[in-house]
Novice: 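My structure is below; once you've seen it, I'll send some questions.
We count residues from 1, following the sequence as given. Remember, it's a predicted structure, so these values are computed and weren't measured experimentally.
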Amino acid sequence: MLKKPLLSIFLPVFLPSIIMSGCGGGGGGGGTDTVSSEITSRGVITGFGSVFVNGVRFHTNSTSFTLDDSPGSESDLSLGMVVTVTGTINDDSTGNASSIVFDNEVQGPVSNLTVGLDNNSKTFTVLGVTVTVDRVATSFNDSDFDSLANGDVVEVSGFFDGSLVLNATFLEKKNNFVLDISEVELKGNVSNATTDSFSINGITINYDSSGITTDLSRLPGGISDGIFVEVKGTMSSADTVTATRIHREDAGFNDNINKVSIEGIITDYVDDSNFSVSGVQIDASSALFSPTTLVLGNGVKVEAEGPLVDGTIQAIKVESRGGNSVKLEATVSAISASEESITLNLINGSVKVFRNSQTKMEDATKAVASLSIDNLGTGDFLEVRGMLDGSGDIVATEIKRNDLDDIILQGPVTSFVANSSITILGVTYLTSTGTQFEDINDQVISGTQFFNTLTTGMLVKVKDSEPGDGTADEVEFEN
């Protein structure tokens, strides 16, 4: 198995334990061999037409695919899945994947589901793991944000943060939960081990130590406290799983790797030379940051790239993958394929956003299987998440085409007139006696209280209810 768990305190990191070395022919002009170097890349699938991971288009002509420990194909992959790619990078910045591995973080029934006050996020529990999904940032298969409900058996992929909350980038509904029948999967460190049971995340695992009804063939040394395992089985009660298979997961890197690219959420931050991303130790003291204004710290989502030396990535670059400070939901007024930009109509003005090879594009209308900028047209309604780069341009991290809805404008405030108007990303929205104002905790406050608190640079969201008239229906502080 190539994939390793995510957090060193909960899920040690999943990447192949193979030695990577540079290779290829000479550089220079036409007629020379293509230069390539080997790479291990772990991140979210952001597009198809080959497979895009961490900004690289990996060709898949000679790729082996493994999904949840079983052979698969490219057609089994979906947007939002976190995968591990091994292969080579060519001198034209494309790649050739020799293997792509997907392994979910948890699969089981949804329970304790709560909806965020803004109705754009949901939090729930699956087999002791707290999961959060986002209306735009999470890709859904055979489900959607609004229909997700308690009792759904779901497969989840994503990134753990420092609080051990799984931030889902992909969720697929398998079926409705049936006791003793629905297959579940969970991972974690063994505790309270006996000859026929142990615990993971507060869930009791019962197993057959003889190996007759539980496959233990990939469990050298048997069960003992502290080892990290993956369990498949069925639930016999709300907190008990009967295991049909248990196998031990690798605990980390054993080899140096010439080039690693890993996406995830920063944890265990001490300083720029000492932090973790998805459980991998990072030293970014000599790295180039993108954007140059990027500030590292716990909870920041990034991609780090560089050689792995003695278990630590010596990062040569670190790029932001946060992308939630800017939120736009509006109709398309113009598209430029040459500069890969999309202009959105915000009634009182427009906002241009740019896409790049890291932008995840998804079509919730299902008009096309794989959305690209060439599929978009004026009048399309888009939900965009993104960030401001060092030059002030908006770079989209997620673009989702959806059905027409309320206009949303979120970003840093550049100017305002108390009890009259607010300007965000160059677009001015009027306020009125009918505008509802909310504080950072989504509690209703007066317009006077809002403007007395407001300063330029603060993050604010404006909602202009469909079809939009240029006057804000809701204005609220964000963080």
Side-chain angles (χ1 to χ4, degrees), residues 5-7 10-11 44-45 67-69 76-82 102-188 199-206 229-245 265 324 360 362 364 366 383 398 400 402 442:
L6 282 175
L7 286 175
F10 177 55
L11 300 176
V44 172
I45 295 176
L67 289 91
D68 293 327
D69 302 318
D76 297 316
L77 299 176
S78 296
L79 283 176
M81 285 181 168
V82 178
F102 168 75
D103 196 10
N104 66 54
E105 302 308 332
V106 68
Q107 177 176 311
V110 172
S111 61
N112 306 314
L113 187 145
T114 60
V115 182
L117 293 175
D118 61 359
N119 198 34
N120 283 319
S121 64
K122 289 184 177 181
T123 302
F124 53 92
T125 303
V126 179
L127 294 172
V129 177
T130 300
V131 181
T132 181
V133 295
D134 178 88
R135 182 182 293 276
V136 176
T138 305
S139 295
F140 295 86
N141 269 12
D142 297 323
S143 178
D144 57 44
F145 179 87
D146 292 314
S147 65
L148 182 66
N150 286 319
D152 290 349
V153 175
V154 296
E155 177 182 51
V156 184
S157 180
F159 301 110
F160 284 92
D161 63 22
S163 300
L164 302 183
V165 174
L166 179 56
N167 294 256
T169 56
F170 168 82
L171 180 146
E172 180 176 4
K173 180 180 177 180
K174 293 296 188 179
N175 47 49
N176 295 317
F177 178 66
V178 180
L179 201 67
D180 292 321
I181 294 178
S182 299
E183 185 177 71
V184 300
E185 301 177 29
L186 68 161
K187 303 173 185 176
S199 297
I200 294 177
N201 308 330
I203 304 296
T204 298
I205 314 296
N206 294 322
V229 297
E230 180 181 72
V231 176
K232 290 190 178 183
T234 59
M235 293 185 72
S236 52
S237 72
D239 58 2
T240 305
V241 170
T242 300
T244 56
R245 193 193 76 183
I265 297 171
N324 287 324
K360 184 179 76 172
E362 185 172 1
K366 306 300 183 183
E383 299 169 325
E398 288 109 6
K400 182 176 288 188
N402 216 328
D442 296 309

Novice: Please tell me if the side chains of E172 and Q107 come closer than 4.5 Å, counting only heavy atoms from C-beta onward.
Specialist: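 The answer is no; the side chains never approach within 4.5 Å.
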Novice: Please collect all side chain to side chain donor-acceptor pair (under 3.5 Å) contacts where either partner lies in residues 112-121, sequence neighbours excluded, each pair once.
Specialist: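 Pairs touching residues 112-121 that pass the test: N120-R135.
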Novice: If only atom types and distance count, is the side chain of S143 paired as donor or acceptor with the main-chain N or O of F140 below 3.5 Å?
Specialist: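 It does not hold such a pair.
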Novice: Would you name the heavy atoms of A243 and V231 that are closest together and state the gap between them?
Specialist: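 Taking every non-hydrogen atom into account, CB-CG1, 3.8 Å.
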Novice: Say you draw a straight line from CG of N176 to CD1 of I181; how long is it, rounded to the nearest 0.5 Å?
Specialist: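 Answer for the CG-CD1 pair, N176 versus I181, is 12.5 Å.
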Novice: Counting only N and O atoms by type, is there a donor-acceptor contact under 3.5 Å from the side chain of N167 to the main-chain atoms of V165?
Specialist: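 Checked: pair present.
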Novice: I need the minimum non-hydrogen distance between S182 and N175, along with the two atoms involved.
Specialist: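 Shortest heavy-atom separation between S182 and N175 comes out as OG-OD1, 3.6 Å.
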Novice: Please test L164 against T130 for side chain to side chain contact (heavy atoms under 4.5 Å, CB included), starting from the C-alpha separation and ending with a verdict.
Specialist: CA-CA 7 Å; L164 302 183; T130 300; over 6 Å; no
Novice: So which heavy atom on L113 is nearest to which on F124, and how close?
Specialist: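 Closest approach of L113 to F124, heavy atoms only: CA-CB, 3.8 Å.
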Novice: Do you see a donor-acceptor pair shorter than 3.5 Å between the side chains of S237 and D239?
Specialist: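 The answer is yes; a qualifying pair exists.
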Novice: Pick one: which of V241, D68, V184, L186 meets side chain to side chain contact (heavy atoms under 4.5 Å, CB included) with K232?
Specialist: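 Looking at V241, D68, V184, L186, the match for K232 under the side chain to side chain contact (heavy atoms under 4.5 Å, CB included) is D68.
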Novice: Going by side-chain contact (heavy atoms from CB on, under 4.5 Å), name the residues that satisfy it together with S139, two or more places apart in sequence or in a different chain.
Specialist: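 With neighbours one apart ignored, the set is L79, K360, E362.
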Novice: Taking all atoms of both residues into account, what is the closest heavy-atom pair of V44 and G80, and its distance?
Specialist: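 Looking at all heavy atoms of both residues, the shortest contact is CG1-CA, 3.6 Å.
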Novice: With no hydrogens and no angle check, is any side-chain donor or acceptor of T138 less than 3.5 Å from a backbone partner on A168?
Specialist: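 It does hold such a pair.
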Novice: If you measure from the Lys or Arg side-chain nitrogens to the Asp or Glu carboxylate oxygens, is any gap between K187 and D103 under 4.0 Å?
Specialist: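 Looking at D103 together with K187, the answer is yes, because their closest N to O distance falls below 4.0 Å.
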Novice: What is the distance from atom CD1 of I205 to atom CD1 of I200, rounded to the nearest 0.5 Å?
Specialist: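 Rounded to the nearest 0.5 Å, the CD1-CD1 separation comes to 5.0 Å.
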Novice: Using a 3.5 Å distance criterion without hydrogens, assess whether the side chain of T204 forms a donor-acceptor pair with backbone atoms of T240.
Specialist: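 Side chain of T204 to backbone of T240, a donor-acceptor pair under 3.5 Å: no, none is there.
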Novice: Kindly give the heavy-atom pair with the smallest separation between F145 and K122, and that separation in Å.
Specialist: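 In this case the closest contact between F145 and K122 is O-NZ, 2.7 Å.
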Novice: To the nearest 0.5 angstrom, please state how far the CD atom of E398 sits from the CD atom of E383.
Specialist: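 With rounding to 0.5 Å, CD (E398) is 11.0 Å from CD (E383).
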Novice: Does anything in residues 147-157 form a salt bridge (Lys or Arg N to Asp or Glu O under 4.0 Å)? List the pairs, not counting sequence neighbours.
Specialist: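 Listed once each, the pairs are D152-K173, E155-K174.
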Novice: Between V82 and S157, which heavy-atom pair has the shortest distance, and what is it?
Specialist: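 Minimum heavy-atom separation between V82 and S157: N-OG, 3.0 Å.
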Novice: State the OG1-CD1 distance between T169 and I45, to the nearest 0.5 angstrom.
Specialist: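 Between atom OG1 of T169 and atom CD1 of I45 there are 9.5 Å.
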Novice: Would you check if the side chain of D161 reaches a backbone N or O of S163 as a donor-acceptor pair within less than 3.5 Å?
Specialist: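 Looks like yes, one N/O pair under 3.5 Å.
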Novice: Is the shortest heavy-atom distance from the side chain of L127 to the side chain of N201 under 4.5 Å?
Specialist: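 No, every pair of side-chain atoms sits at 4.5 Å or beyond.
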Novice: Can you tell me how far apart OG1 (T244) and CD (E185) are? Round to the nearest 0.5 Å.
Specialist: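 The distance works out to 9.0 Å.
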Novice: Rounded at 0.5 Å granularity, tell me how far CG in L166 sits from OG1 in T125.
Specialist: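 Answer rounded to 0.5 Å: 11.5 Å.
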